[in-house]
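Data first, discussion second: the structure below is written as structure tokens.
So that the names make sense, note that chain A is the first sequence line, chain B the second, and so on, each numbered from 1.
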Amino acid sequence: MNVGERLTDQNFPESPEKATLEGKNKFLGFWLFLGGETVLFATLFGTYLGLRNSFGKGPEASEIFQLPMVFAATIILLTSSLTSVYAVLALKENRVKAMRGWLFVTLLLGLSFLGLEIYEFIHYVHEGHTFTSGAFGSAFYTLVGFHGGHVLFGCLWLSTLLIRNSGRGLTLYNSPKYYLFALYWHFVDVVWVFIFTVVYLLGKVG
Amino acid sequence: MSNAHAANKSSLWDWLTTVDHKKIGILYLISGGFFFLIGGLEALLIRIQLMKPENTFLTGDLYNQVLTMHGTTMIFLAAMPIIFAFMNAVVPLQIGARDVAFPFLNSLGFWLFFFGGVLLNLSWFLGGAPDAGWTAYAPLSTTSSGSGLDFYVLGLQIAGAGTLIGGINFLVTIINMRAPGMTFMRMPLFTWTAFITSGLILFAFPALTIGFFLLMFDRVFEANFFDASMGGNPIIWEHIFWIFGHPEVYILILPAFGIISEVVSTFSKKRLFGYSAMVFATVLIGFLGFMVWAHHMFTVGLGPVANSIFAVATMAIAIPTGVKIFNWVFTLWGGQIRFTTANLFAVGFIPTFVMGGVTGVMLAAAPADYQYHDSYFVVAHFHYVIVGGLVLGLFAGLYYWYPRMFGKMLNETIGKWNFWTFFIGFHLTFFPQHFLGLMGMPRRYFTYPEGFGLGSMNFISTIGAFFMTIGTILFVYNIIITHAKGKMVSGDPWDGRTLEWAIPNPTPHYNFLQTPLVRGLDALWIEKMAGNKKMTPAEPVGDIHMPNNSILPFIMSLGFFIAGFGFIYFNKGGALALVAIIVGLGIGLVCMFLRSWIDDHGYHIHKKDLPKEDKGADL
Amino acid sequence: MAGNEHTNSVHRHSSLQKKIKLKQERRQHNVSFVMMILLTILSFASIMSDAISDTVAILFIIVLACVQVFFQLYIWMHLGHKGHEFPMWGIASGLFIAALTVGTLIGLIW
Amino acid sequence: MKRWLRLGRIVPIFGLMLLGLMGCGNPQMSALQPQGKGAEAAYDLMILSLVVMVVVLVIVFLLFTYVLIKFRKRKGDDSIPEQVEGNHMLELLWTGIPIVLLIILAVPTVMTTFDLAVTEKAASGEEGEEAKKDAPMTVKVTAHQFWWEFEYPELGVVTAQELYLPVDTRTNVELSSADVIHSFWIPSISGKMDTNPGDKLVNKMWLHPEEIGTFQGACAELCGDAHALMYFQVKVVSQEKFDAWVESMKTVKFADASSDVSEGQKIFENNCLQCHAVGDKGGKVGPALTGFGDNEKVAGILDHNKENIMKWINNPHDVKPGNNMPDFNFDDAQLDALSDYLLGLETAK
Ligand code: HEA
Ligand code: HEA
Ligand code: CUA
Ligand SMILES: [Cu+2]
């Protein structure tokens with residue numbers, strides 16, 4: 001069978017994402033990449049925590065943070081993580097339509113998260129909390145912005161995946177791609193859980 | 001995309017698009033070697049300036065640039081790529097694989113490194129090189145005028161991304177692509193060290209990536225990470241740099257340990273003594289390597305508790321390293337030691353590295369380091385471990401694997417001259433520097449007064465550097481002679497023990513006609529002892545799947561290179577810089593998009609186009 | 001690589017068994033989602049309410065965040081499943097170095 | 001210092017070897033000729049570690065030489081050596097011995113680390129009899145690109161480039177920087193410590209010189225173009241001399257131009273006072289010049305004579321590239337007057 005061939009219910013492997021050596025490599029390589037990303041974000045978190053009380057010329061964290069909005073963003077991202085789980089479940093059952101549907105929902109949720117974040121940033125900038133207003137500002141926008149960048153990249157990636165494979169079924173070639181995307185998305189969500197806790201909730205107590 | 005036949009051509013286009021790990025290895029070797037010459041030239045300038053007191057050959061400003069570029073070039077653009085050259089050339093062969101896990105990414109990793117290195121070095125022609133030392137401590141690095149440090153940040157950022165990609169590639173290759181029977185505890189030690197080094201890369205480089213971003217944001221976008229007057233804290237940079245920086249030195253030395261293990265065992269005709277202990281020591285060094293970084297910061301003011309903890313943790317690394325040293329000595333013990341050039345370098349490595357290692361332990365004694373730190377004693381220490389360790393190891397590896405990489409053997413007579421001039425020159429250069437440091441000569445000094453009595457030692461040191469230059473030139477000459485006059489040798493010229501010697505010369509495109517079956521440590525040696533002429537195959541001859549060449553990695557790296565320029569000139573270049581950023585990043589993104597869009601299934605070499613049977617290394 | 005593309009892992013198996021397994025998984029996923037939402041609300045509440053002292057609240061929310069990470073990694077990303085030994089090592093090492101880094105940047109910069 | 005740490009001195013052969021090899025270096029700036037308690041503590045540790053390392057080196061080198069000579073391949077001998085896998089006893093041995101050696105080194109390392117640190121207690125003089133007797137005085141060191149400022153807050157004295165210390169007394173030092181990171185190092189008196197920018201990152205250490213004399217201080221952290229020229233002098237004097245110096249530094253007053261002053265002083269007031277302080281007047285951008293006439297060096301590196309002062313004033317950048325004093329364009333007469341004035345800024349007489 002050719003890797004590009006559409007899978008049928010008859011020849012469908014248990015884990016289509018790991019059924020080829022290429023798939024196995026991608027799977028492992030991506031997990032290891034996430035291990036590296038852990039250090040990447042840890043460095044950002046560390047920097048942020050080291051500087052979180054150095055407001056410079058900007059306002060203090062507790063004065064500006066908009067917790068309800070951030071809370072909403074958190075729920076949105078969590079939900080999108082769930083929908084991507086559903087997509088993976090569908091992938092494992094060769095239900096292409098369902099999978100694409102869930103992924104589409106994931107994309108929408110991701111985009112609305114981004115929208116909220118941009119709105120939030122604009123709001124902060126108006127309050128005088130900017131990238132250059134002090135060490136805290138720099139650290140905040142860098143950490144949260146890096147995460148936002150990851151979400152944005154995820155959305156671009158997912159869009160490409162969905163468009164490229166529209167009208168195509170699952171193959172041994174494209175299932176690892178879907179699976180990897182889901183891993184990525186979960187990871188981005190994990191990072192957000194910490195941002196919510198360490199940046200926003202901690203910011204309120206000071 | 002190209003096709004099956006492109007692989008056999010050797011045109012420029014083929015080199016730009018290749019995804020063959022053997023060719024990428026050669027690309028790494030050539031560019032790493034070139035940067036080594038540049039870095040060496042810079043070292044010579046340093047030594048000439050310091051030859052006599054109050055010399056005026058270089059100004060303070062220029063000296064700082066030369067010094068910074070010497071350190072940076074040597075570490076990031078010479079040592080690491082040459083290590084990657086060996087990993088590419090050897091690891092897949094040693095584990096009996098036809099390829100690496102991610103051929104495309106492998107090529108991308110190379111081109112990112114290459115363009116990053118070029119970007120950094122272009123600073124010489126565009127208003128001055130970086131001048132804050134290879135450690136780029138803030139706020140000197142954030143306030144330094146000119147664009148030098150912007151080149152540093154962006155050049156290394158791009159090159160570093162390439163390194164990270166390379167690291168992941170080798171981790172996955174080693175985990176997933178081993179031939180049947182090649183268990184972890186049967187892997188040759190070079191593969192083991194490549195594995196651990198890749199792991200260190202994976203976890204150390206992301207910290208540096210962020211560090212560079214912070215530095216860039218401070219410099220280019222007026223962020224305040226390291227500006228104390230705005231609440232920033234320059235110590236954060238020091239930590240981030242050394243959280244990366246210390247693992248980095250083990251990233252450098254571990255592969256050299258691997259090379260020495262292979263060479264010593266081959267040329268004493270013995271199995272490596274204490275193989276499992278060697279593996280364990282490698283893992284332990286990698287692990288401990290992450291917990292000692294603050295020994296570079298003893299004088300920063302971290303307080304006695306932190307200093308004590310890091311001092312003791314640092315000393316602990318001497319234990320697994322010692323295990324390695326003694327295991328090498330006992331591998332030689334009772335052997336039939338052949339002093340080929342490769343082995344000369346290896347046995348030169350052992351005592352020299354021990355000297356560098358023990359001065360490292362002296363540095364680890366924190367209160368004594370209050371005296372050593374930032375003095376020539378440290379310079380002596382790290383050149384002993386880097387030049388006396390890593391570089392001698394790399395030379396050993398070059399002489400050893402040259403027939404595998406290029407099919408020809410380097411000239412042994414010139415090789416021996418190469419060794420002795422370099423080795424003697426090395427000790428002449430760096431041994432006196434221990435005393436210079438203790439006599440109160442700080443490092444990174446472009447000059448020193450007449451009356452301090454530092455002149456004679458410095459002079460000896462400079463003479464030594466010229467000897468090393470002769471050694472290096474002899475090596476270059478050796479390469480030229482070898483390619484002009486040398487003859488092709490058999491696939492197993494050294495009576496090797498490991499799988500890379502089980503294949504004919506030149507190495508076929510697909511490495512192994514039939515994947516070999518591995519029956520123990522030193523797989524080839526086992527077959528030889530069993531009276532077999534070649535490896536037992538694990539599969540019949542069949543179609544071989546190969547990846548397609550691609551120009552995308554080159555173009556993608558070019559895109560980031562262009563974007564790098566944009567960031568460098570963001571504050572001075574106006575609209576043009578912005579255009580460069582957008583276009584550059586755009587090119588990068590479009591390439592990623594294309595890679596995602598175009599299905600790339602590779603191609604097959606058909607059975608009928610392959611030899612009928614595996615002939616082995618045509619002994 | 002040649003030959004061994006997928007032949008060894010493509011094997012058909014009882015679709016009923018598979019269905020049951022996936023159904024179980026789905027339930028797990030739903031439960032962990034609800035848990036995660038609850039945990040988020042809990043942390044949110046513990047910070048917003050004045051009843052809990054700040055230090056306790058900080059410790060509490062950090063523990064909750066770690067629990068959530070566990071859910072994500074183990075249930076949603078299947079980190080505990082067979083065939084995830086190396087990913088496990090990768091993430092564990094990453095977390096270890098992450099802890100060192102964060103600890104240092106909080107504790108060792110005055 | 002704990003007495004048994006001096007153990008290192010029982011093996012002076014190694015120390016001698018070291019010293020012999022290098023003709024001692026310059027006693028004013030060599031870490032090998034300690035003239036203060038901090039440098040001594042470090043020196044003891046250096047010798048101890050050196051001994052340990054020489055032991056290691058000797059073992060490895062002997063083994064190694066033996067092996068290389070004994071087991072080299074002889075012509076015609078094509079036998080295949082026994083393929084030894086390993087030897088647990090041996091491996092245990094060479095794990096165990098280094099551990100012991102490292103413990104021998106680690107214990108004094110940790111102890112000395114704490115001895116050399118300035119704890120809160122010691123700083124406030126509460127740490128038992130000895131610390132009280134020492135009655136620590138504090139010097140605030142501020143590093144600048146590329147000069148050193150020394151302030152004695154308790155004594156109300158500010159000076160630059162030359163640090164006065166009373167002999168046989170412990171002085172606490174608070175280190176910080178006005179710009180980038182520098183490092184404060186007087187090799188023969190004590191190890192170095194960094195000067196970090198910002199008031200949050202102030203470092204503390206102590207100095208305890210034991211010999212009278214002038215010592216060389218240097219900057220040990222790359223800080224810019226003239227990093228290599230950022231020397232300072234440390235003058236260790238008797239307590240009486242020190243007190244006298246403080247007294248005279250405090251009495252210097254800068255006389256206004258309204259009174260009858262020299263030509264040199266007028267030029268100084270018009271061009272230099274905005275950056276340089278003399279006595280109670282002047283800016284803080286450049287080094288205070290109050291006792292400048294007594295100094296041993298100009299700008300920390302040039303010999304202290306009229307010629308060099310003149311050279312410095314008109315072309316400071318030829319001497320120290322990248323420093324923050326502007327070039328001036330005085331004619332010879334003005335230079336002459338100005339440097340006479342500067343040379344007259346004496347306190348010690
Ligand atoms: C390949 C690179 C490499 C390697 C392998 C090492 C190895 C070691 N290094 Fe080195 N080091 C550098 C590269 C390297 N270093 C660089 C580049 C710098 C300067 C960076 C800069 O500031 O620019 C530096 C700086 C540096 C410092 C900071 C100095 C300062 O700036 O003040 C310290 C301090 O602890 C240190 C310690 C050590 C130790 C303990 C080891 C150990 O791993 C050594 C272990 C080996 C042995 C000990 C020998 C063999 C062992 C035996 C024979 C067993 C018996 C031995 C004993 C009981 C002692 N190094
Ligand atoms: C892999 C790392 C590596 C290597 C191989 C070397 C190799 C050498 N280094 Fe080092 N060095 C560093 C890494 C390295 N270095 C680092 C990290 C620093 C610290 C930087 C900092 O403080 O920021 C440093 C600093 C450093 C200093 C201290 C400067 C100072 O503090 O002021 C000195 C001084 O002697 C020095 C000398 C040398 C010499 C003589 C060699 C020799 O071994 C070089 C031998 C090679 C040659 C001599 C090449 C021969 C040249 C030719 C054949 C001509 C080429 C021709 C063309 C290109 C056309 N180096
Ligand atoms: Cu100040 Cu170097
Ligand atoms: Cu280190």
- [ ] Show the numbers, then the answer: is there a side-chain hydrogen bond (donor to acceptor under 3.5 Å, both in side chains) between A:T106 and A:S84?
- [x] CA-CA 6 Å; A:T106 308; A:S84 67; 5.1 Å; no
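With rounding to the nearest 0.5 Å, the separation of CG in A:N165 from CG in A:L170 is 8.5 Å. The structure places OH of A:Y178 at 4.0 Å from CE of A:M99, a figure rounded to the nearest 0.5 Å. Between the OG1 atom of B:T191 and the CE atom of B:M87 there is a distance of 10.0 Å, given to the nearest 0.5 Å.
Salt-bridge annotation for A:D9 and A:R95: absent, with no side-chain N of the basic residue lying under 4.0 Å from a carboxylate O of the acidic one. Using a 4.0 Å cut-off between a side-chain N of Lys or Arg and a carboxylate O of Asp or Glu, A:K92 and A:E17 qualify as a salt bridge.
If you tally non-hydrogen atom pairs under 4.5 Å between each of A:T38, A:T43, A:N174 and chain B, the highest count goes to A:T43. Of the listed residues (A:L161, A:L44, A:L156), the one with the most heavy-atom contacts under 4.5 Å to chain B is A:L44. With chain A as the partner, the residue from B:P206, B:S229, B:G211, B:G231 showing the most heavy-atom pairs under 4.5 Å is B:P206.
Remark: of the listed residues B:N511, B:N106, B:N169, B:N511 is the sole one forming a side chain to side chain donor-acceptor pair (under 3.5 Å) with B:H21.
Cation-pi check for B:R595 over B:F104 is met; the charged atom lies under 6.0 angstrom from the ring centroid and within 45 degrees of its normal.
Both the backbone and the side chain of B:L202 come within less than 4.5 Å of a heavy atom in chain A. Both the backbone and the side chain of B:F221 have a heavy atom closer than 4.5 Å to some heavy atom of chain A. Proximity to chain B involves both the backbone and the side chain of A:I163, based on heavy atoms less than 4.5 angstrom apart. For A:K177, the part lying near chain B is the side chain, with the backbone staying farther off; criterion is any non-hydrogen pair under 4.5 Å. Heavy atoms closer than 4.5 Å to chain A are found in the side chain of B:L214, but not in its backbone. Of the two parts of B:T209, only the side chain, counted from C-beta on, holds a non-hydrogen atom closer than 4.5 Å to a non-hydrogen atom of chain A. Contacts of B:F226 with chain A are absent, with no heavy-atom separation under 4.5 Å from either backbone or side chain.
Remark: side-chain polar atoms of B:N88 are paired, donor with acceptor, to backbone N or O of B:F84 under 3.5 angstrom. Judged by distance alone, the side chain of B:N571 and the main-chain N or O of B:V220 form a donor-acceptor pair under 3.5 Å. The main-chain N or O of A:Q66 is found under 3.5 Å from a side-chain atom of A:Y124 such that the two form a donor-acceptor pair.
Scanning residues 128-147 of chain A against chain B with a 4.5 Å non-hydrogen threshold yields A:F131, A:T132, A:S133, A:G134, A:A135, A:S138, A:A139, A:T142, A:F146, sorted by number.
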